[in-house]
Amino acid sequence: QVQLVESGGGLVQAGGSLRLSCAASGRTSSVYTMAWFRQAPGKEREFVARITWNRGIAYYVDSVKGRFTISRDNAKNTVYLQMNSLKPEDTAVYYCAARNSPLGSTRVEDFGSWGQGTQVTVSE
């Protein structure tokens, strides 16, 4: 089992930036892909970005391309999400997730380990 702990959320004005962190512990050797999802009030949880643990190959949802960057520090077992040019519609609880399959996925049900989430609020 992999344990995930997110940090770095907060309140920011539109156009601002935040960096989220996700620290992994436990059976990290079984992890192939790390991802960020988000869930806004009244909406379903949606995929934001993912990165392969070993090769660092990243993939993004169209709505964040060019604004968000996912990265990882293997030595620290930590994944980051740098969020720039934030918009009010980015407001959500952001979750870190881990998957132990090499197959790419953007589906919630394909990720077996989840963090507790961190709130990101972007004001007008």
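Treat the numbers as computed from the prediction; the structure is a model and nothing was measured.
Two residues are said to be in side-chain contact when any heavy atoms from C-beta on lie closer than 4.5 Å; Tyr60 and Thr69 meet this criterion. Proximity of Trp36 to Val61: side-chain heavy atoms (C-beta onward) are nowhere separated by under 4.5 Å. Within the 4.5 Å cutoff, no side-chain heavy atoms of Arg38 are placed close to those of Thr91. Counting heavy atoms from C-beta on, the side chains of Gln3 and Val5 never come closer than 4.5 Å. A 4.5 Å side-chain heavy-atom check between Leu20 and Glu6 finds every atom pair outside the cut-off. Using a 4.5 Å heavy-atom threshold, the side chains of Tyr59 and Thr106 count as touching. Using a 4.5 Å cut-off on side-chain heavy atoms (C-beta onward), Val79 and Trp53 make contact.
When the salt bridge (Lys or Arg N to Asp or Glu O under 4.0 Å) test is applied to Arg19, no partner is found at least two apart in sequence or on another chain.
Formation of a donor-acceptor pair under 3.5 Å by the Thr52 side chain with backbone atoms of Ile57 is found in this model. Judged by distance alone, with hydrogens and angles left aside, the side-chain atoms of Arg50 form no donor-acceptor pair with the main-chain N or O of Thr33 at under 3.5 Å. At least one donor-acceptor pair under 3.5 Å links the side chain of Arg72 to the backbone N or O of Asn54.
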Exercise for review: Go through the steps to decide whether Val108 and Trp114 satisfy the test side chain to side chain contact (heavy atoms under 4.5 Å, CB included), and finish with yes or no.
Suggested key: CA-CA 10 Å; Val108 170; Trp114 292 85; 3.6 Å; yes
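Taking the six-membered ring where the residue is Trp, Phe47 and Phe37 present perpendicular rings, their angle passing 60° and hence far from 30°.
Salt bridge annotation for Lys87-Asp90: absent, with no cationic side-chain nitrogen under 4.0 angstrom from a carboxylate oxygen.
Within 6.0 Å of CD in Glu44 there are 12 or fewer heavy atoms belonging to other residues, nucleotides or ligands.
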